[in-house]
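One structure is given here, and the rest of the page talks about it.
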Amino acid sequence: MRAAPTILHLDMDAFFAAAEQAAKPSLRGKPVVVGGLGPRGVVATASYEARRFGVHSAMPMGQARRLAPNAAYLVPRFAFYRSISEQVMELLGRLSPLVEPLSLDEAFVDLEAGGLADDGASARAVGELLRADILATTGLTGSVGLAGSKMIAKIASEEAKPDGLVLIEPGTERELLGPRSVRILPGVGPATGEHLRRAGMTTVSDLAEAGEDELVRLLGRAHGASLHRMAQGYDDRPVVAERDAKSVSVEDTFDVDLHDRVRIRTEVERLAERCVARLRASGHSGRTIVLKVRRYDFSTLTRSETLRGPTDDPVVVREAAGRLLEAVDTTGGVRLLGVGVSGLADYTQEDLFAQAETEGERERVGASAAASGGGGGAGAVGSASAASAGGAVPEESASGGAAVERRWAPGHDVRHAVHGAGWVQGSGVGRVTVRFEEPWSAPGRVRTFSVDDPELEPSEPLPLVRGECRAGA
């Protein structure tokens, strides 16, 4: 515990939804829900306007639609959110060498290590300047908590929401925590909370009064002792600048169970490509490939294969995932698929045998494509990517046959040759509806086109702050 409130916790306000509102003038001040839009989708983030209807993160999307039927429901744009997160993390890095990101929109900062604050007044000044810099750089707001420990700083940022700053002076922790629910403490989820409630402990002061021995008896040595210390306001966890990633993975839940074995294989290959993209973005390679399959009856199977050395080659990962799939019985249907890579390294020491096999496979594919007139291979990959991202124009199928209609994902960016930049409001029955507006414009007009309109195409997101757009031009 510190004598000065020099640990800062930043939490961006309703991050995904706020980013969408900032990018889309017509949605500002209106309920926005971001998440999976299928019948099995869940809410990733809800705007504060949507939260007034009872919508919250991790809620089934069907329930959210019943609570807020008139909200805007959008598919996440994680690359867009990640680019904003990088801007925010860069601002935090200017404050201190010790920045501990928890997610795209949340991080701890040790202001003492940065030499910028040594008391409450200087810490508050740094926090207010940070909030102003974030707003100027991204157009979004964040809430800041300042305290002498990570636990209290996080509680303070929650109290500051939305768009505020709360500083809790060291020495006042027990008074602050005492009347609060036990659920406010880290590590107390629904199950532990219910267990404590049955033992007659519902507030933090109840835990402090119960004593360490009683909590150890109820929860075990490690958890009980830790919880007793936190109930008294003690938290000496340091801000850790680097967190070692143990694995990288991606997964998809399908609206309708998949039965076709070829479709399942295609989805696994698509997931492998996404996983490798994320792996490379993190600067890692890995040697263990993991396949996750959740079947129609909710039973979940995992299979893994360890290579002779770490890799970040998409073909190697894709082929390994395919081999793992061959050993899984998908009879009855599949509701979820996932591909992951573990055993991470900061460099690539490619398995020479796997690499040789990969090069040989590429040569065979190239020879086959040349013999058939150059179609097959690239078309198959393009179709898989289009199906996952939601596209704009028909793609030739992997077999070179009839065109496959690509879907337009609600909320995603597009550009029209005549009308300029816009975003997809919805699509169906061969039509796509687009609202044409930019982050710095007034709410724009809505127009409808055929899904295969040659003048309409997917686009990269526009920056939220206009000056950034000019600087990058």
Side-chain angles (χ1 to χ4, degrees), residues 10 12 15-16 19-20 23 34-36 44-45 75-94 99-108 137-138 140 240-252 267-292 304 307 309-321 337-351 354-355 358 381-382 384-391 409 411-413 458-464 468 472:
L10 170 72
M12 299 295 288
F15 182 47
F16 296 171
E20 296 296 350
V34 179
T45 307
V75 173
R77 299 186 292 163
F78 288 111
F80 175 51
Y81 309 144
R82 192 172 294 111
S83 68
I84 300 172
S85 175
E86 289 170 356
Q87 293 178 302
V88 173
M89 295 303 165
E90 181 182 351
L91 292 174
L92 297 182
R94 298 175 187 176
V99 177
E100 182 178 341
L102 303 179
S103 62
L104 290 178
D105 62 338
E106 185 180 2
F108 286 110
T137 302
T138 70
L140 304 179
V240 181
E242 296 292 337
R243 286 171 165 250
D244 291 334
K246 296 181 179 180
S247 64
V248 172
S249 64
V250 295
E251 61 183 44
D252 273 348
E267 292 294 338
V268 167
E269 292 178 349
R270 180 177 61 82
L271 288 166
E273 297 279 354
R274 286 172 50 196
C275 183
V276 169
R278 185 172 296 182
L279 183 71
R280 288 179 168 178
S282 70
H284 291 93
S285 59
R287 61 180 300 163
T288 300
I289 315 303
V290 181
L291 175 70
K292 177 180 177 182
S304 64
L307 307 174
T311 183
D312 65 353
D313 189 311
V315 177
V316 173
V317 175
R318 188 170 65 238
E319 292 301 319
L337 290 169
V339 173
V341 178
S342 61
L344 301 187
D346 292 331
Y347 60 92
T348 300
Q349 184 181 18
E350 192 64 79
D351 177 346
Q355 188 176 38
T358 297
V381 174
S385 301
S388 67
H412 280 214
D413 297 276
S459 174
E460 292 298 316
L462 294 171
L464 299 182
E468 179 190 343

Report yes if the side chains of Val99 and Phe108 come closer than 4.5 Å at any heavy-atom pair, otherwise no. no

Which residues pass the ring-ring contact (aromatic ring centres under 6.0 Å, His included) test with Phe16, sequence neighbours left out? Phe78, Tyr81

For the atom pair CG (Leu279) and CG (Leu344), what is the distance rounded to the nearest 0.5 Å? 6.5 Å

Measure the shortest side-chain to side-chain distance between Glu460 and Asp413 over non-hydrogen atoms and say whether it is less than 4.5 angstrom. no

Is Asp313 salt-bridged to Arg318, cutoff N-O under 4.0 Å? no

May I have the step-by-step check of salt bridge (Lys or Arg N to Asp or Glu O under 4.0 Å) for Glu86 and Arg82, ending in yes or no? CA-CA 6 Å; Glu86 289 170 356; Arg82 192 172 294 111; 5.9 Å; no

Is any side-chain heavy atom of Ile289 closer than 4.5 Å to one of Ser304? no

When rounded to the nearest 0.5 angstrom, what distance separates CZ in Arg77 from OG in Ser83? 9.0 Å

Could you go step by step and tell me if Val341 and Ser249 meet the side-chain contact (heavy atoms from CB on, under 4.5 Å) rule? CA-CA 6 Å; Val341 178; Ser249 64; over 6 Å; no

Between Val88 and Thr138 the two heavy atoms that sit nearest each other are CG2-CG2, 4.1 Å

Passes side-chain contact (heavy atoms from CB on, under 4.5 Å), Val250 versus Leu271? Steps please. CA-CA 6 Å; Val250 295; Leu271 288 166; 3.9 Å; yes

Is there a side-chain contact between Glu251 and Val339 (heavy atoms, below 4.5 Å)? no

Correct closest heavy-atom pair for Glu106 and Met89 would be O-CE, 3.9 Å

Measuring from Thr137:OG1 to Ile84:CD1, what's the distance to the nearest 0.5 Å? 11.5 Å

Distance-only, no hydrogens or angles: does the Ser85 side chain make a donor-acceptor pair with backbone N or O of Leu104 under 3.5 Å? yes

Charged N to carboxylate O below 4.0 Å: is that the case for Arg270 and Glu273? no

Main-chain N/O of Asp312 paired to Arg280 side chain as donor or acceptor, under 3.5 Å: yes

Side-chain donor/acceptor of Arg287 to backbone N/O of Leu307, under 3.5 Å: yes

Minimum heavy-atom distance Pro76-Gly35, with the two atoms named: CD-O, 3.4 Å

Indicate yes or no: at least one non-hydrogen side-chain atom of Val268 is less than 4.5 angstrom from one of Leu337. yes

Closest non-hydrogen atom pair between Ala19 and Leu464, with its separation: O-CD2, 4.1 Å

Sub-3.5 Å donor-acceptor pair from the side chain of Glu100 to the main-chain atoms of Val240, do we have one? yes

Of all the heavy-atom pairs spanning Cys275 and Val248, show the shortest one and how long it is. SG-O, 3.5 Å

Evaluate Glu20 against Thr45 for side-chain contact (heavy atoms from CB on, under 4.5 Å), listing each step before the verdict. CA-CA 11 Å; Glu20 296 296 350; Thr45 307; over 6 Å; no

Specify the closest pair of heavy atoms between Val317 and Thr311, including all atoms of both residues, with the distance to one decimal. CG2-CG2, 4.3 Å

